[in-house]
There are 2 protein chains.
Amino acid sequence: MSTTPTVYDVAERSGVSIATVSRVYRTPDSVREKTRERVLAAARELGYVPSGNARGLASRSTGVLGLCFPDLSDPDTETEAAAADADDDHAFMLYSDQIIRGMERAARRHGYALLIAASLKGGPESLVAKVAGRVDGFAVLSRTVPTEDLDVISRRLPVVMLAGPRENDELDHLDHIEVANADGQRELTRHLVEDHGLRRLAFVGGEERSPDAQARFLGYREACRAAGLPVREEPDLRAEMMTQAEGARAADELLDRADAAGPPPDAMLFANDQMAIGALHALERRGVRVPDDIAVTGFDGIPLSRLVRPALTTVRQPMRQLGEEAVELLVRRLGAEREREPVDLMLPVSVVRRASCGCGRE
Amino acid sequence: MSTTPTVYDVAERSGVSIATVSRVYRTPDSVREKTRERVLAAARELGYVPSGNARGLASRSTGVLGLCFPDLSDPDTETEAAAADADDDHAFMLYSDQIIRGMERAARRHGYALLIAASLKGGPESLVAKVAGRVDGFAVLSRTVPTEDLDVISRRLPVVMLAGPRENDELDHLDHIEVANADGQRELTRHLVEDHGLRRLAFVGGEERSPDAQARFLGYREACRAAGLPVREEPDLRAEMMTQAEGARAADELLDRADAAGPPPDAMLFANDQMAIGALHALERRGVRVPDDIAVTGFDGIPLSRLVRPALTTVRQPMRQLGEEAVELLVRRLGAEREREPVDLMLPVSVVRRASCGCGRE
DNA sequence: TTGAAAGCGCTAACAG
DNA sequence: CTGTTAGCGCTTTCAA
């Protein structure tokens with residue numbers, strides 16, 4: 001128990017060479033059964049586990065894929081009370097959780113494990129760099145890794161960027177998967193206008209620098225234009241964090257504005273479900289009926305969206321699939337298609353019509 | 001771009017020794033600034049990323065912690081339609097997702113990354129073994145790794161078992177964290193009996209071999225005994241998978257039984273939230289009012305439990321904390337407390353009183 | 001089917 | 001502050 005056993009120990013104990021021990025673990029069939037059993041027995045007795053590091057070093061591969069995602073919550077900020085209270089989080093968390101799930105499953109299918117790390121600051125000794133050195137390929141959620149790091153890393157191993165538009169000019173040699181944000185919002189908007197006959201729309205967006213929120217806004221605008229509705233340059237409101245609280249506030253403000261200056265909107269479109277759900281609460285408090293008085297829509301398709309009353313009409317993002325596709329892409333890059341042109345996938349989204357827009361079924 | 005650059009390349013290019021290159025990445029402050037910048041520049045130009053494998057091999061540590069969790073869904077079984085329909089899953093998934101989250105955060109706090117893998121079959125070349133060889137320590141969800149493998153692995157690195165009781169006799173040298181299942185169910189039952197005056201209780205459990213479900217049943221029995229209620233040897237019903245569908249079926253069956261043979265129960269206790277939620281639906285269909293006609297309780301505290309109507313009274317399991325504690329334990333084992341006695345943590349749970357038991361607040 | 005020997009790319013003393 | 005020198009534990013030809 002003092003020193004962890006190595007191939008040498010196992011070899012000695014079972015009277016074979018280290019090469020044979022190695023073979024027992026890599027290609028068991030290439031070793032005579034009796035020999036193999038002797039080796040395995042010795043390994044068991046010694047408590048031998050092959051060192052992944054040594055294997056990786058010698059074989060130049062790790063059998064691990066990586067994922068870097070944004071660090072959403074400060075690990076130290078959260079008190080126990082806050083944690084208990086933050087059931088709200090659960091829905092939010094699912095964003096990266098789903099990707100993790102998707103990647104894990106696809107990775108497993110291909111015999112890979114998954115290494116995950118929330119992004120930290122960059123720099124030589126960042127977690128990112130550490131991860132990069134320990135995987136055969138990895139996926140990066142938009143804007144979680146400094147461009148410069150990505151540039152260096154991607155020279156050494158395949159990298160696929162997830163969600164968000166292809167941001168940086170210098171990273172156009174990377175594979176990239178995104179979700180059809182604009183398409184989804186456009187189609188959703190079209191639905192409100194054409195199928196429900198709504199015409200006084202209000203759109204609540206996110207930060208200008210949030211590519212997803214921005215793409216959704218653009219989709220909204222396109223639909224407005226196509227429908228001959230007035231087209232604004234800016235969302236009616238923007239929210240920093242796109243939380244429920246902000247959504248509630250936005251709903252209130254839109255209504256207050258209307259009280260002061262004209263008819264209220266007959267539909268509020270939010271750039272994500274969280275805000276839409278917050279708005280639902282705010283409207284309920286004011287006695288405004290959804291969808292009778294006003295339609296409300298979200299974006300994301302988080303589980304919560306199905307459960308609130310009225311159930312939220314939204315656009316479902318295939319996050320799990322995003323994770324799976326990412327792995328497929330990486331695996332391909334690690335195989336035959338090393339040198340293929342950069343891929344650019346756009347995953348289709350689907351409008352989920354529920355009660356909050358006036359559609360019948362829940 | 002042909003060969004991936006190594007320390008040697010960087011050293012040569014920047015006119016220093018490999019040792020200095022190494023230092024730049026490990027202890028930047030021990031290198032003169034000018035030298036450091038020269039090295040970093042060379043590294044950038046070359047696209048150099050330190051090999052985690054080589055580092056790990058040389059330093060005998062990986063900076064990675066691992067987690068093995070059960071493989072809940074067959075990766076190939078799921079059609080796209082099923083996936084879309086399986087919103088139900090979301091709640092379920094949170095079980096391991098939450099642990100992952102907790103571990104990831106705690107790990108990051110300590111400078112570790114997290115390697116995750118759903119358990120596969122055992123054997124020399126299993127994913128588990130692969131993972132074990134690539135981490136400094138790891139956490140295992142109950143019954144996901146064959147005892148024998150665990151035994152071998154735990155000789156080489158710290159292992160902490162999560163949830164479920166300390167199963168195997170031979171694994172009593174491992175650290176272990178569980179959740180106070182029995183306590184929670186006992187307290188919840190006590191609440192129903194003493195605070196709501198309910199006396200005709202029915203308990204729907206899980207498989208006999210599910211330690212969690214079993215512990216909950218035991219807690220239930222203890223409370224019954226303490227309250228002077230009849231104590232059954234077995235749950236009134238057992239469910240295989242503890243799904244919503246099974247919960248609904250169980251509620252129906254309990255009521256049917258009562259129709260045939262006596263007064264219906266005035267409370268149904270389920271071994272998890274999923275079943276309780278299913279029961280809620282079934283009861284609604286039958287026109288049975290909750291909590292007026294009958295109280296319903298769950299266990300787990302999944303997000304859904306808060307959202308259903310009536311909101312579900314349940315017992316919250318601190319899964320995230322479980323993950324965090326696991327990391328803390330591992331980190332300690334990797335530090336000074338290598339040889340300390342095996343730890344056995346029991347995380348307290350909390351009863352969440354909501355509408356479904358008759359408590360006022362949602 | 002098995003063994004011998006040469007690295008894989010880095011860290012870690014130890015010198016200087 | 002920087003360089004030299006050994007390995008770390010395995011995989012991998014190449015022979016036997």
Please enumerate all residues that pass salt bridge (Lys or Arg N to Asp or Glu O under 4.0 Å) together with [X], with sequence neighbours excluded.
X: B:Glu12; value: none
X: B:Arg333; value: B:Asp175
X: A:Arg340; value: A:Glu337
X: A:Arg23; value: none

Does [X] have any side chain to side chain contact (heavy atoms under 4.5 Å, CB included) partners at least two apart in sequence or in another chain, and if so, which?
X: A:Ser59; result: A:Ser61
X: B:Ile177; result: B:Val160, B:Leu162, B:Leu322, B:Glu325, B:Ala326, B:Leu329, B:Leu345, B:Leu347
X: A:Ala54; result: A:Ser51, B:Leu57
X: A:Glu33; result: A:Arg36, A:Glu37

Checklist entry - Contact class for B:Thr20 vs. all strands (heavy atom < 4.0 Å): base, sugar-phosphate, or nothing? => result sugar-phosphate
Next on the checklist: Considering every strand and a 4.0 Å limit on heavy-atom distances, what is the contact class for A:Val16: base, sugar-phosphate, or nothing?
Outcome noted: sugar-phosphate
Next on the checklist: Does B:Arg108 form a salt bridge (Lys or Arg N to Asp or Glu O under 4.0 Å) with B:Glu104? I'd like the steps, not just the answer.
Outcome noted: CA-CA 6 Å; B:Arg108 176 150 38 96; B:Glu104 194 281 322; 2.9 Å; yes
Checklist entry - Along DNA chain C, 5' to 3', what are the outermost nucleotides having an atom less than 4.0 Å from a heavy atom of chain A? => result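 It runs C:dT1 to C:dG9.
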Checklist entry - Which residue pairs pass the ring pair (Phe, Tyr, Trp, His ring centres under 6.0 Å) test when at least one of the two sits in residues 38-66 of chain A, sequence neighbours left out? => result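 For residues 38-66 of chain A, and leaving out neighbouring residues, the ring pair (Phe, Tyr, Trp, His ring centres under 6.0 Å) pairs sorted by first residue read A:Tyr25-A:Tyr48.
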Checklist entry - Between the two end axes of the helix from C:dT1-D:dA16 to C:dG16-D:dC1, each built from 5 base pairs, what angle do you get to the nearest 10°? => result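 Inter-axis angle at the termini of the helix from C:dT1-D:dA16 to C:dG16-D:dC1: 20°.
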Next on the checklist: Could you tell me the boundaries of the chain B footprint on DNA chain D, defined by atoms under 4.0 Å from its heavy atoms?
Outcome noted: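 Using the under 4.0 Å cut-off, the span is D:dC1 to D:dG9.
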Checklist outcome for this item: By nearest-heavy-atom nucleotide on DNA chain D, the more 5' of B:Arg60 and B:Asp29 is B:Asp29
Checklist outcome for this item: Taking for A:Val49 and for B:Thr35 the nucleotide of DNA chain D with the nearest heavy atom, the one nearer the 5' end belongs to B:Thr35
